[in-house]
Asker: 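Sharing a structure, written as structure tokens. Questions coming.
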Amino acid sequence: MQFHHHGYVSGDPRIQPAAGVGLDRPEELPDQVDVLIVGSGPAGMLAAAQLSQFPNITTRIVERRPGRLVIGQADGIQARSVETFQAFGFAEEITAEAYRITEMCFWRPDPENPENIVRSGRALDDPAGISEFPHLIVNQARVLDYFARFMANSPARMKPDYGYEFVDLEVDDAAEYPVTVTLRRTAGEDEGTERTVKAKYVVGCDGARSKVRQSIGSTLAGDAANHAWGVMDVLASTDFPDIRTKCAIQSSGGGSILHIPREGGHLFRMYVDLGEVPEGDNGAVRKTSIDEIIAKANAILHPYTLDVRNVAWHSVYEVGHRLTDRFDDVKPEEVGTRTPRVFITGDACHTHSAKAGQGMNVSMQDGFNIAWKLGHVLDGRAPESLLSTYSAERQVVAKNLIDFDKEWSTLMAKKPEEFENPSDLEDFYVRTAEFPAGFMTEYTPSMLIGEAKHQDLAAGFPVGKRFKSAPVLRVSDTNPLQLGHQAKADGCWRIYVFADAAPAGTPSGVTELADWLQNAPESPLAAQPAGGDDDAWFDVKVIYQQDHTGIDINAVPKVFKPEVGPFRLTDLNKVYGANPEEDIFELRGLDRSGVVVVVRPDQYVANVLPLTATAELGEFFAPLLPARQPQH
């Protein structure tokens, strides 16, 4: 954590100095905004949190509830999400209060006595070490609380505007504020009244019944629901031995349970199989009572018993897999003729079962993806064409999620005798671990993702996939750190320069690249506004092959030691050496001749280039940046 560079700070250093719209933020929702976010679920709150780092942009987030969420339906936090929380500064805190999944147990009918269940296997949650972050279970409401705190502490001093329901919108591309949104008050003295807000962009994060989706003429299409599950968060007394371990439980005649312990040491969630939904059911299965769900759970758990003492929440849902045709308001016949003004995220554009624990996680990455792009466009850092990449990138991810969830939910609904091999469910869980952990997303070449022509120089940083952290040693204070954990959700591009073997400062590919980055008019750094911090838009780090004792920090080129803050202090925290015990060059397959790895603000690798490829680096960034300004 860095602070004091604007002067001595005696209070909470997480509270950033107010700036821009945060200096005199109106309590009442204004008539005109740059971005209006509809819905304060995970996608909406992450998007708002990211945009709160852009204090020159007026962003407001409206929510129909009168206040914060109390009980959230989602609870599964995959490692990719915890990695994202690290960038927002609360990974350690939320991990401390969450339930951590390290193993999953599998229960099947006892071959000797099929009316009873027996434990038949165990599987490590992350046997391949996909991430240094854990798989967590925690109430969605707490995730939103942390994002709310981040927003409130950010320069824009943002907070949700509760008690507003979205009604409709209209788009007039010719207007300065093209989107006119009608809202209705759902709380307060003026409940029931309507008003309009004009926005440059709208992000719909308003769930599976999204009115924003309806307003842009987009529809959810896919498989009809045909299997029902009862879900309950309960406190109970039980003799089931794995009550504090995640389990997939299959019985001989009573269906199956996906069992998930919750945070706090006592609460747990059960997804209880209610069977096939007959045609013409017309929603009758949704009237299944909590007593019926508990009875069904007891039948499946036999010979063990479940004495439920308290029900925190319960519901019944039918599994359906649906996807929208587009994630923005540009119709197929309009592609190439206009840029989008309205976007939809999360359940508004993709629905699936809850059992893969993916809904909240994928939704948050939707929010991350669109938010930094809106920030760059509205802050003058990028052209509007950048916004067309949102739907193109995220729809593919949602389609892959739905395909995965179909397979997983189908396996969970199978009867034990229908499996060719008794371990099929366990094998699938282990074999596909990288997908539910959130790490299978791989964006394809576009204006934001380069061709992987030099991938062999950095085999462990695949272009299009998330930047996988590794240990390094920071030279200035000799601290061992995770390199990826130093990247904050500040809207900056990252340029990681993995050095050749030459000592710091001696003539080499690194010194030539550093000189180009610092001084060349074609350098992306030349686009930064004059007079601001040297790293305002680009976080440029160097990682030498030597350990920290072999690096003279005074010899390190200036571009890796930017001047920041009103006192123009030198930031020495961007210079690293390899950790001899866990050498990042070995761990990530980095070429010893050196390599540049470019990473997007949402942590995905955008390009891999040789140290000498300055022309390619300049050409990659040219379409993503405004006209060059001289750097002073």
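Just the heavy atoms: all of them, side chains too, but no hydrogens, waters or symmetry mates, feed the values below. Each residue takes its place number in the sequence, starting with 1.
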Asker: Could you state the interatomic distance from CG (L69) to CG (L144), rounded to the nearest 0.5 Å?
Answerer: 5.5 Å

Asker: Sequence neighbours left out, what passes side-chain contact (heavy atoms from CB on, under 4.5 Å) with A392? Give chain and number order.
Answerer: none

Asker: Contact between I137 and R269 at the side-chain level, heavy atoms closer than 4.5 Å - yes or no?
Answerer: no

Asker: Please determine whether salt bridge (Lys or Arg N to Asp or Glu O under 4.0 Å) holds for the pair D329 and R338, giving the CA-CA distance in whole Å, both sets of side-chain angles, and the decisive distance to 0.1 Å.
Answerer: CA-CA 10 Å; D329 67 326; R338 62 181 291 262; 2.9 Å; yes

Asker: For atom CZ of R600, decide whether the heavy atoms of other residues, nucleotides or ligands shown that lie under 6.0 angstrom number more than 12.
Answerer: yes

Asker: Working to the nearest 0.5 angstrom, can you tell me the gap between S391 OG and F343 CZ?
Answerer: 9.0 Å

Asker: Quick check against the 3.5 Å criterion: does R25 have a side-chain atom that pairs as donor or acceptor with the backbone of K159?
Answerer: yes

Asker: Does the Q528 side chain pair with the main chain of W537, one donor and one acceptor, at a distance under 3.5 Å?
Answerer: yes

Asker: Set out, in order, the CA-CA distance, both residues' side-chain angles and the distance that settles salt bridge (Lys or Arg N to Asp or Glu O under 4.0 Å) for D490 and K488, then state yes or no.
Answerer: CA-CA 5 Å; D490 53 11; K488 305 306 177 189; over 6 Å; no

Asker: Any donor-acceptor pair under 3.5 Å linking the side chain of Q78 with the backbone of R80?
Answerer: no

Asker: Measuring only between side-chain heavy atoms, which start at C-beta, is V62 closer than 4.5 Å to V197?
Answerer: no

Asker: Show the numbers, then the answer: is there a side chain to side chain donor-acceptor pair (under 3.5 Å) between Q53 and S154?
Answerer: CA-CA 6 Å; Q53 291 290 296; S154 290; 2.9 Å; yes

Asker: Roughly how far, to the nearest 0.5 Å, is CG of D281 from CD of E276?
Answerer: 11.5 Å

Asker: Does L267 offer a backbone N or O that forms a donor-acceptor pair with the side chain of D233 under 3.5 Å?
Answerer: no

Asker: Tell me whether R185 forms a cation-pi arrangement with Y164, defined as NZ or CZ under 6.0 Å from the six-membered ring centre and within 45 degrees of its axis.
Answerer: yes

Asker: In Å, rounded to the nearest 0.5 Å, how long is the span from CG of D602 to CE of M364?
Answerer: 14.0 Å

Asker: Measure the spacing between OG1 of T95 and CG of L136 and express it to the nearest 0.5 Å.
Answerer: 4.5 Å

Asker: Pick from E83, Q603, Q365: which one makes a side-chain hydrogen bond (donor to acceptor under 3.5 Å, both in side chains) with R466?
Answerer: E83

Asker: Using modelled atom types and a 3.5 Å cut-off, is there a donor and acceptor pairing between side-chain atoms of Q50 and backbone atoms of N369?
Answerer: no

Asker: Within a radius of less than 6.0 Å around CG of D173, do more than 12 heavy atoms belonging to other residues, nucleotides or ligands occur?
Answerer: yes

Asker: What do the steps show when you test F85 against Y146 for ring-ring contact (aromatic ring centres under 6.0 Å, His included), and what is the final call?
Answerer: CA-CA 9 Å; F85 298 162; Y146 281 111; 8.1 Å; no

Asker: With a 6.0 Å cut-off on ring centres, are F90 and F150 close enough?
Answerer: no

Asker: Decide yes or no on salt bridge (Lys or Arg N to Asp or Glu O under 4.0 Å) for E393 and K373, but give the supporting numbers first.
Answerer: CA-CA 12 Å; E393 289 185 337; K373 293 172 182 178; 2.9 Å; yes

Asker: Please determine, by modelled atom types, if T345 and R394 share a side-chain donor-acceptor pair under 3.5 angstrom.
Answerer: no

Asker: Output yes when a side-chain donor or acceptor of R213 lies under 3.5 Å from a complementary backbone atom of A348, and no otherwise.
Answerer: yes

Asker: Does E333, at its CD atom, have more than 12 non-hydrogen atoms belonging to other residues, nucleotides or ligands within less than 6.0 Å?
Answerer: yes

Asker: Does the gap between the ring centers of F368 and Y604 come in under 6.0 Å?
Answerer: no

Asker: In sequence, state the C-alpha distance, the side-chain angles, and the governing distance for E93 and R149, and then conclude on salt bridge (Lys or Arg N to Asp or Glu O under 4.0 Å).
Answerer: CA-CA 12 Å; E93 288 175 279; R149 186 185 71 184; 2.6 Å; yes

Asker: So is R341 actually on top of Y201's ring, under 6.0 Å and inside 45° of the axis?
Answerer: yes

Asker: Please state whether the rings of F327 and H350 are parallel, tilted or perpendicular, taking 30° and 60° as the class boundaries.
Answerer: tilted

Asker: Can you find a heavy atom in the side chain of V231 that is under 4.5 Å from one in the side chain of W313?
Answerer: yes

Asker: May I ask you to decide if K200's main-chain N or O and D34's side chain share a donor-acceptor pair within less than 3.5 Å?
Answerer: no

Asker: Using a 3.5 Å distance criterion without hydrogens, assess whether the side chain of D206 forms a donor-acceptor pair with backbone atoms of V38.
Answerer: no

Asker: Is it true that E176 and K198 have a side-chain N and a carboxylate O under 4.0 angstrom from each other?
Answerer: no

Asker: Is there a side-chain contact between Y99 and R262 (heavy atoms, below 4.5 Å)?
Answerer: no

Asker: Heavy-atom distance under 4.5 Å between the side chains of V143 and P42, does that happen here?
Answerer: no

Asker: Strictly distance-based, threshold 3.5 Å: is any side-chain N or O of H376 a donor or acceptor partner for the main-chain N or O of G491?
Answerer: yes

Asker: Under the 3.5 angstrom rule, does the side chain of N153 hit a backbone N or O of I15 as a donor-acceptor pair?
Answerer: no

Asker: How about V21 and F54: do any of their side-chain heavy atoms sit closer than 4.5 Å?
Answerer: no

Asker: Nearest 0.5 Å please: distance from the CD atom of E263 over to the CD1 atom of I77.
Answerer: 9.5 Å

Asker: Ignoring hydrogens and angles, state whether a donor on the side chain of S218 or D325 is under 3.5 Å from an acceptor on the partner side chain.
Answerer: yes

